[in-house]
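First comes the structure, then the notes that go with it.
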Amino acid sequence: MTDIERNELAEILFPHITRTRDEFEQKYPERNLKEGAKVTRFAPSPTGFMHMGGLESAFLDYIFAKQSDGIFFLRLEDTDQERYVEGATDLIKSSLETFDIMPDEGAITGGAYGPYTQSERKEIYQTYIKDLIKNGLAYPCFMTKEELQEIREGQELRKEPIGVYGHYAVDRDLSLDEIKEHLKNNDDYVVRIKSPGDMSKQVTLHDLIKGDITMPENVIDEVIMKKDGLPTYHFAHVIDDHLMHTTVVIRGDEWVPSYPKHLQLFQLMGFKLPKYAHYAPLTKKENGTIRKLSNRKDPEFSVSYYDEAGIPSEGVKLFLSTIINTNFEEWYLQNSDKSYLDFQFSFKKMPTGGTLFDTEKLNNICRTYFSRISASKIYEDSLTYFKKYDEEFYNIMVTNKDRLIDFLDIERNGKRPRKDIATYKDVRSESMYMFNEYFYKDKEETYKEIDKAGIDVELLHKYLEVFDEHDDNDTWYSKIQNLATENNYAPSTKEYKASPESYKGHIGNICEMIRHVVTGKNQTPNLSNILSILGKEEISKRISFFEN
Ligand code: GLU
């Protein structure tokens, strides 16, 4: 085709495109950021499911942009109209809000490099495609599904690379008249690039996470525009990340094999190549084997699972941090006053293979997280949770605010803060005995955990006589020591062990009796604090409840 014919073809295919590449290049100039600032993007497809891999991706984008004073933006990749699900965009937005991973610009907030929804960028893509056609770098391809299928089967049989390339790319050299004929017949077409690739050559991806990966150069005449006029992922990625000035493309490693196509497109377009960081999928151990987390089999793969399970979003982010950088966990344990934002994340420390999604680890890091926040914050955050999921406990929380905060505050501020809470649900289960609504509801239930034999009720009544809710821990303990001595219990386990036959038991047994009768539990936070919160009258009532 001559220059004139190619111009004519471009006009025939894109008569409605009147702008030029240059206009868009000027509209979206280089960003004015400091040296080293990273521009990252989260680019989900609105398919109606937000999974942990997506959240991990957004989190990575967020932290690497934040740490370098860069920009993190959200782009909605909705060019696959068949996969589009109503409401999916809202799910993406609300997930980012819930986890407070808010983009600086993009589909939620807007910004100077928009529109950030691909279906609204058709004119931009087509402007660049029109330009490629004019320059003879792309062509309309009218091959039918059946023709493509036939080629594929032959290639499979001969064990050749699959795709439209070399002599298989029969529409590469159609004349303008032949193309006009197809168009007259209303034949469907896609636009393909004319790949300049050479099968004997190799390209190397310098991946920030995985290191260098060498692959054969792309030779396939890749589709850049589908028959509905929208771009393919490959083309949209190249155009968008160029015009939005992304500096690091952080995406799942299922995209590694597409890199040679992307590299070729960037070169063909004359664009600067961004850096790439391909992260490994989340995996799970099951019956001795390791497999990828799956939408169908693993509820914890869905981002919405965490809210309902009462797992705090900060805990999930800390957990993701342990997945992202293996040295994070140790750092976090050593730095009790720091948040994940203070940690220097690096691509180099990211795992290159599958990453184990260990829910036990999630649980532990949440315990540590809860152990570091104040009782009032736990109260406020769990109030929001229970308002949504458990009205009964929500009401109890509202009427017993001070009592619950005092309870949550026990053993919170010392060197080894308590770690009995991993989820908001635990706030309820760990504190239930503090509330009469539960304690007196069902005696069987209240005392189901404890061994009722051997409880010396008479001794408990004696204890009540000396009890004073204002006593500090030491006074409280010495009173029990006295009680022990007066009633033939050893005042220390050491003394008891020296001659067990001389005593009814030891001081520990008395504490345990009090704990059992007053809380119905084998384990609680510091007993003397619990007793102070409950007060004498309540303790007396509980002793009677046990007797009756
Ligand atoms: N829309 C693509 C996906 O959801 C995004 C991949 C990328 O980040 O480039 O897999």
Side-chain angles (χ1 to χ4, degrees), residues 38-65 70-85 88-93 95-96 101 103-108 113-122 125 205 207-210 213 222-224 226 230-266 269 271 273-282 292-295 301-303 320 324 347 350:
K38 292 185 176 71
V39 179
T40 61
R41 84 293 192 275
F42 176 42
S45 300
T47 54
F49 186 74
M50 176 88 177
H51 56 66
M52 285 308 277
L55 195 74
E56 180 188 1
S57 175
F59 186 55
L60 284 166
D61 293 317
Y62 173 81
I63 51 180
F64 282 108
I71 296 284
F72 157 44
F73 67 86
L74 169 69
R75 182 170 72 226
L76 293 174
E77 305 212 323
D78 62 344
T79 56
D80 193 347
Q81 303 276 306
E82 278 161 32
R83 288 173 71 207
Y84 184 79
V85 173
T89 304
D90 292 337
L91 178 68
I92 294 167
K93 290 180 186 171
S95 304
L96 295 179
I101 305 179
D104 302 298
E105 67 181 50
I108 301 178
Y113 291 82
Y116 296 89
T117 299
Q118 288 185 331
S119 58
E120 293 165 23
R121 300 172 61 79
K122 202 166 168 177
Y125 304 122
L205 158 65
D207 195 83
L208 295 179
I209 298 170
K210 292 177 187 276
I213 303 173
E222 199 56 50
V223 176
I224 55 174
K226 298 177 289 184
L230 285 167
T232 52
Y233 165 75
H234 309 299
F235 192 66
H237 152 51
V238 172
I239 296 295
D240 292 346
D241 285 318
H242 163 68
L243 289 178
M244 296 174 181
H245 300 277
T246 305
T247 64
V248 195
V249 171
I250 304 172
R251 61 183 179 186
D253 66 3
E254 69 274 19
W255 293 108
V256 168
S258 304
Y259 172 75
K261 288 174 194 161
H262 301 161
L263 172 69
Q264 191 170 69
L265 280 168
F266 272 98
M269 303 298 300
F271 297 159
L273 189 71
K275 291 198 166 80
Y276 286 90
H278 290 95
Y279 60 87
L282 299 170
K292 281 191 195 178
L293 277 184
S294 112
N295 300 356
F301 195 38
S302 167
V303 165
L320 286 177
I324 290 166
F347 286 118
M350 283 186 70

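We number each residue from 1, following the sequence as shown. Just follow the structure's listing: the first ligand is 1, and inside any ligand the first atom is 1. Quick caveat, the model's predicted, so the values are computed rather than measured.
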- Message: Quick check on Trp255 - does any of its heavy atoms sit under 4.0 Å from an atom of ligand 1?
- Response: yes
- Using distance alone, with no hydrogens and no angle criterion, decide if Asp240 and Tyr113 have a side-chain donor and acceptor under 3.5 Å apart. no
- shortest atom 8 (O) of ligand 1-to-protein heavy-atom contact is with Arg41 NH1, 2.8 Å
- Note: heavy atom closest to atom 2 (C) of ligand 1, options Glu77, Arg75, Arg251, belongs to Glu77
- Around atom 5 (C) of ligand 1, find the nearest protein heavy atom and jot down its residue, atom name and distance. Ala43 O, 3.0 Å
- Query: Where does the angle between the aromatic ring planes of His234 and His262 fall among parallel (under 30°), tilted (30 to 60°) and perpendicular (over 60°)?
  - Reply: tilted
- Under the criterion ring-ring contact (aromatic ring centres under 6.0 Å, His included), which of His242, His245, His237 is the partner of Phe271? His242
- Message: To check your reading of the model: name the closest protein heavy atom to atom 7 (C) of ligand 1, its residue, and the distance in Å.
- Response: Tyr233 OH, 3.3 Å
- Message: I want to know whether Tyr276 and Tyr259 have ring centres closer than 6.0 Å.
- Response: yes
- Task: Report the C-alpha separation of Phe42 and Phe73 in whole Å, then their side-chain angles, then the decisive distance to 0.1 Å, and conclude whether the ring-ring contact (aromatic ring centres under 6.0 Å, His included) test is met.
- Result: CA-CA 6 Å; Phe42 176 42; Phe73 67 86; over 10 Å; no
- Item | Glu254 N/O under 3.5 Å from ligand 1 N/O | no
